[in-house]
Amino acid sequence: MAIDYERDLNPAQAEAVRHAGGPLLVIAGAGSGKTRTIVYRLAHLVSLGADPDSILLLTFTRKASQEMLRRAGLILGHDLPAGSGGTFHSFAYRTLKRHSSRLGRPGGFTIMDRADAADLLAEAKERLKLGKGDKSFPKRATILELVSKARNKEVSLATVLQAESFHLLPYAQDLERMSEYYARLKADHGLYDYDDLLFELEKLLARDEAAREEIRRRYVHLMVDEYQDTNLVQARLVKLMAGERGNVMAVGDDAQSIYAFRGANVTNILRFPQDFPGAAIVRLEQNYRSTQPILDLTNAILAGAAVKFDKHLFTTRENGEKPALVLCHSDASQARLVVDKVRELSRKYLLHEIAVLFRAGYQAFQLEVLLNKAGIRYQKFGGIKFTEAAHIKDVLCYLRLVANATDLPAWQRSLTHIPGVGPKTASGVAQAVITGEAAKLAKYRERFPALAELLVLLDALRRRADPPARTLAALLDYYQPVLVSAYPDDWPRRQQGLEELSALAGQYRDLELFLADVSLETPEDEAAGQEDILVLSTVHSAKGLEWPCVLLIDLVEERFPVRRSLASAEDMEEERRLLYVAATRAKDRLLLYVPEALFIRHQQRHEPARPSPFVLEWAPELVSRWRETYSGGVVPAEPARTEPAPTLALSSPATRPEAGTAAPAEAPAPKKLGRCTHKIFGEGKIVAFIPPDKYRVNFQNFGLKVIVGQYLSME
DNA sequence: CCACCTGCTGTTTTT
DNA sequence: CAGCAGGTGG
């Protein structure tokens, strides 16, 4: 197979592809053909005689890794050898498993997902008798987040608390103790959390020369994508594996760093030339993805960053529609408008060429309901995963017990499904099983006949060591009545998921490997991408992907950026980069939705929302503006001119002078204090002007509120 | 002593 | 709507 490098690549891409050896850093702007460059380089190396088995492709996210391997397979004309690439975590698992005899963990090890880790922390809390009766003791999810962040950033728990949760500082000691106990529980029960995979691999490579040499011999060429998302230990792993030879190609974009929250460190990519002396550096700046109007907007988003990026993307795709900014009454009507728009677009585009993006998984709930009603098929990425669904976890826990009889969280979960058994009994039984206290166990078996049944089954399965699919089938028989009684309203739907799991298990011969893949690689959903199906995705999961049409919803304060980030300049910068990532996914059409009110669940009513501060930065010519009419249509909205009285009209957000450049005296003249109306709140009285653009309004039915002037009309 | 029920709270992103 | 704490009844 001959690849025409001259035809397919621009000079910068070709330079990266032809790079002879030694370290190479590719700074690749969004849509600049980054994946293409990696894939062509891989093909080039193979054409020069490199063994495909000797090339390792690593990234942080599973999505990006799958996409990279898929495209590499396409250009090479065949699938890459298994083990050619994956996420850092899955690579770490495979390597650790291969060297498990050297790890001093004879019983094998099980990977815990977030829920398991939280359960184990709860166990630690229980045993240490911490936080009893203290309502403000941090929740286990919060603690897990803090513990993991401390590890990822490689600082003390106290430092993390100091930096972002000072209100929890009084608990620093308790949390420290919990964290230590948690680590001990993991070691005692053959459990690894996600972070352990990376640190254990580092330990192995650093201490065990034979293992290190084996890896270095095996992987001659290392390619790391999304390098800006690596954390400290990942960067050290790359260094350890590359060795003296330093055949590392790191690809990334500092402007797309969106994982600082889990310890990703942009300085990794900035420091690459120092970490790997003599590194060649190639910059890819021509964008092949988006039209110029879309790039104008994304360049503007970056221009507002506090840390300026030395980046200005350009394209030859001069023509195209401006991004559309759509004002809608509420998030509920936004969902309806999005469905309408998807229907309209689907006349010109295939459904899978359209994506709806959002900041957090729950923001798609209303939309999902409407899509189901409209009969539009969709696939959702991000948010709750297949394997996190309760019934799937149940069954996986039985399997885990077959693979690892000391898996404490798995015991807890499996045993509490037995009638009459709760957390305490479960803990006691697990303890008795693990330590082999036969007498104690016999008592438990007597008291709970169903327990005896489960123990016999697990024992038999462990001895038989069948292929995973057969073991799973036996366990499903056992689980069936549990499923029906635990989920009386929707067990048939859940059963389908279990069948999918069975099908997946059929592809494996090794139980441990099956379990690891289930927690480290998203099992491809039944709709595997190429089908004609709409994509819903969090912005994080959309990274590295592209669509002709992108609809971005909920561009309001508190949702994008999320509320918590408003307090910290650093977090706000990450939100900005996140918005940049979202907008740069679009090739032809970009639609941005700004609801003016959000449904507040616990109050059962709508509250007004303010547009995202990022939206307020955009100059009027960057976007076309639209608003929802009261009859549910969408009409062009001329900025500012729609205001009834020019003297009262505040400059529209887009024309507002840069904050800080305008002296207070130059601020727009305040509206008269007097009566006004608001779409949601109805009639009210303006009682004060709050520069630069807000009013305090006393509404007849809602009381005092602070409202952006733009949303008030005067009588 | 412990499982189960009831009522309150507060919602990010990934491996 | 889940996750969690505190009360209750077995």
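Just so it is clear: chains get the letters A, B, ... in the order the sequence lines come, proteins before strands, and each one is counted from 1.
- Phosphate proximity of B/dT14 to A/R114: absent, as no side-chain N or O sits under 4.0 Å from OP1 or OP2.
- Side-chain N/O atoms of A/S541 include one lying less than 4.0 angstrom from OP1 or OP2 on B/dT14.
- In this structure, the ring of A/F60 has its center no less than 6.0 angstrom from the ring center of A/F88.
- Aromatic stacking of A/Y362 on B/dT11: not satisfied for centres closer than 5.5 Å together with planes under 30 degrees.
- Using a 4.0 Å heavy-atom cutoff across all strands shown, A/Y259 reaches sugar-phosphate atoms only and no base atom.
- Within the structure, every side-chain polar atom (N or O) of A/R262 is placed at least 4.0 Å from both OP1 and OP2 of B/dT13.
- The nearest whole Å value for the distance from the NE2 atom in A/H417 to the P atom in B/dC4 is 12 Å.
- Here the rule is side-chain contact (heavy atoms from CB on, under 4.5 Å) with A/K380, and of A/L371, A/L534, A/L367, A/L536 only A/L536 fits it.
- For C/dA5, one of the phosphate oxygens OP1 or OP2 lies less than 4.0 angstrom from a side-chain nitrogen or oxygen of A/K125.
- Residue contacts for A/T416: at a heavy-atom cut-off of 4.0 Å it reaches no nucleic acid atom on any strand shown.
- Seen from the ring of A/F261, A/K149 does not count as a face-on cation partner, given the 6.0 Å and 45° thresholds.
- Residue contacts for A/V421: at a heavy-atom cut-off of 4.0 Å it reaches the sugar-phosphate backbone alone, with no base atom in range.
- Considering only side-chain atoms of A/K424, the nucleotide from B/dC2, B/dT15, B/dT12 that sits closest is B/dC2.
- Under 4.0 angstrom from either OP1 or OP2 of B/dT15 there lies no side-chain N or O belonging to A/S90.
- Closest to the side chain of A/K139, from the set B/dT12, B/dT15, C/dC4, is C/dC4.
- Distances from the side chain of A/R140 to the nucleotides B/dT15, C/dC4, B/dT13 place C/dC4 closest.
- Residue contacts for A/K543: at a heavy-atom cut-off of 4.0 Å it reaches no nucleic acid atom on any strand shown.
- Nucleotide B/dG10 holds its C1' atom 13 Å from the CD atom of A/E558, rounded to whole Å.
- A/N231 and A/N265 share no donor-acceptor pair across their side chains, judged by distance under 3.5 Å alone.
- Side-chain proximity of A/T538 to B/dC2, C/dC4, B/dT14: nearest is B/dT14.
- The phosphate of B/dT12 (OP1 or OP2) has no side-chain N or O of A/S565 nearer than 4.0 angstrom.
- The main-chain N or O of A/I258 is never found under 3.5 Å from a side-chain atom of A/R577 such that the two would form a donor-acceptor pair.
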